[in-house]
Amino acid sequence: MKCPICKDVFLEKTSLIDELYAYFCKSCGGNWMRYEDYWKWHTSNSNLICKPFNIKNYLPVNDTVQAKICPDCGRILIKYRVDNRLDFYVEHCGNCNGVWFDKNEWDNIKLNNLHGQIHNFFTRPWQKRIREEAARENLQDKYIKKFGRWDYERLKEMREWIYKKETKNEMLSYLLDEDPYKI
Ligand SMILES: [Zn+2]
Ligand SMILES: [Zn+2]
């Protein structure tokens with residue numbers, strides 16, 4: 001089996017973690033992981049799978065941009081974002097479910113404790129959540145730019161407080177009214 005990037009370099013069997021086997025390219029540092037190997041490891045380690053860490057913790061990744069062909073079945077691999085804290089894409093074969101990790105991508109996924117979730121990465125709910133989170137962060141950045149961070153934080157606190165009140169609507173009209181004491 002040859003590397004989808006280096007083309008004429010043969011992949012060598014390796015172990016990503018414990019009993020999780022994959023195929024490593026010693027030329028570009030990428031790893032090809034077959035779904036059956038992943039699932040075998042996942043089934044016997046499901047008790048070890050914890051929640052992702054809430055930190056941005058990653059090694060440099062040189063996300064390769066060229067289109068890649070599945071080393072097992074020859075289909076074109078599709079790029080997927082994994083998490084908004086990780087700014088790279090992994091590549092997935094929709095036919096055999098294998099996954100290609102460019103150099104350091106696997107390590108970053110593992111550092112973020114997401115390696116037990118790989119089977120979810122390529123599902124609609126996972127991808128939808130990532131897009132929604134990214135959109136929220138984008139809006140938040142816009143508000144911060146518009147109001148300034150300090151004012152934005154105060155406004156957010158006030159908003160949360162008002163929206164918990166039964167008199168929410170009256171409070172909002174009070175705020176919007178230029179002169180709420182005018183009869
Ligand atoms: Zn390679
Ligand atoms: Zn394939």
Side-chain angles (χ1 to χ4, degrees), residues 1-139 141:
M1 189 166 44
K2 288 177 176 174
C3 173
I5 296 175
C6 311
K7 314 284 191 216
D8 52 356
V9 177
F10 283 92
L11 299 175
E12 293 170 14
K13 194 165 182 177
T14 184
S15 160
L16 292 173
I17 178 177
D18 310 322
E19 303 271 281
L20 175 49
Y21 298 108
Y23 297 85
F24 174 70
C25 174
K26 61 176 182 297
S27 172
C28 67
N31 281 293
W32 174 249
M33 186 181 76
R34 285 177 170 157
Y35 192 72
E36 65 256 34
D37 289 330
Y38 167 75
W39 199 244
K40 213 166 144 190
W41 167 81
H42 192 276
T43 315
S44 48
N45 288 278
S46 49
N47 56 331
L48 299 174
I49 312 304
C50 328
K51 288 211 152 155
F53 300 136
N54 196 19
I55 47 165
K56 187 174 180 173
N57 184 1
Y58 62 84
L59 304 164
V61 169
N62 187 9
D63 209 5
T64 53
V65 287
Q66 78 219 62
K68 298 178 195 75
I69 302 293
C70 173
D72 268 319
C73 68
R75 303 288 178 97
I76 287 188
L77 302 179
I78 311 288
K79 286 168 179 292
Y80 285 87
R81 238 186 136 79
V82 166
D83 191 279
N84 290 309
R85 292 163 297 157
L86 299 173
D87 59 359
F88 58 80
Y89 295 80
V90 296
E91 272 122 325
H92 174 250
C93 176
N95 186 47
C96 70
N97 266 323
V99 185
W100 175 259
F101 304 101
D102 286 324
K103 186 183 179 186
N104 285 342
E105 287 180 352
W106 159 264
D107 303 271
N108 287 321
I109 287 167
K110 193 169 155 288
L111 279 168
N112 277 280
N113 215 17
L114 287 163
H115 53 303
Q117 305 273 6
I118 292 172
H119 57 295
N120 290 323
F121 291 173
F122 316 106
T123 61
R124 268 167 205 256
W126 188 274
Q127 291 298 318
K128 186 168 174 263
R129 182 179 58 76
I130 290 181
R131 279 197 302 275
E132 283 169 0
E133 275 175 17
R136 287 180 83 90
E137 273 168 33
N138 192 11
L139 275 176
D141 289 348

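These values consider heavy atoms only, across backbone and side chains, with no hydrogens, waters or symmetry-generated copies. Counting starts at 1 for both ligands and their atoms, following the listed order.
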Let me know which of Trp39, Tyr35, Tyr38 forms a side-chain hydrogen bond (donor to acceptor under 3.5 Å, both in side chains) with His119.
Tyr38
When Glu132 is tested against each of Lys128, Arg136, Arg129 for side-chain hydrogen bond (donor to acceptor under 3.5 Å, both in side chains), which residue passes?
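Of Lys128, Arg136, Arg129, side-chain hydrogen bond (donor to acceptor under 3.5 Å, both in side chains) with Glu132 is met by Lys128 alone.
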Can any side-chain N or O of Glu91 pair as donor or acceptor with the backbone N or O of Phe101 at less than 3.5 Å?
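Between the backbone of Phe101 and the side chain of Glu91 there is no qualifying donor-acceptor contact (under 3.5 Å).
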With no hydrogens and no angle check, is any side-chain donor or acceptor of Asp102 less than 3.5 Å from a backbone partner on Thr64?
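A pair under 3.5 Å: yes.
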Got more than 12 heavy atoms from elsewhere within 6.0 Å of CD1, Ile17?
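Enclosed: over 12 neighbouring heavy atoms sit under 6.0 Å from CD1 of Ile17.
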For residues Glu12 and Lys26, determine if any side-chain heavy atom of one lies less than 4.5 Å from a side-chain heavy atom of the other.
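Heavy-atom side-chain distance check passes, below 4.5 Å.
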Metal site angle (apex the Zn ion (ligand 1)), SG from Cys25 and SG from Cys6, 10 degrees
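Seen from the Zn ion (ligand 1), SG and SG are separated by roughly 110°.
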Which protein N, O or S atoms lie under 2.8 Å from the Zn ion (ligand 2)?
Cys70 SG, Cys73 SG, Cys93 SG, Cys96 SG
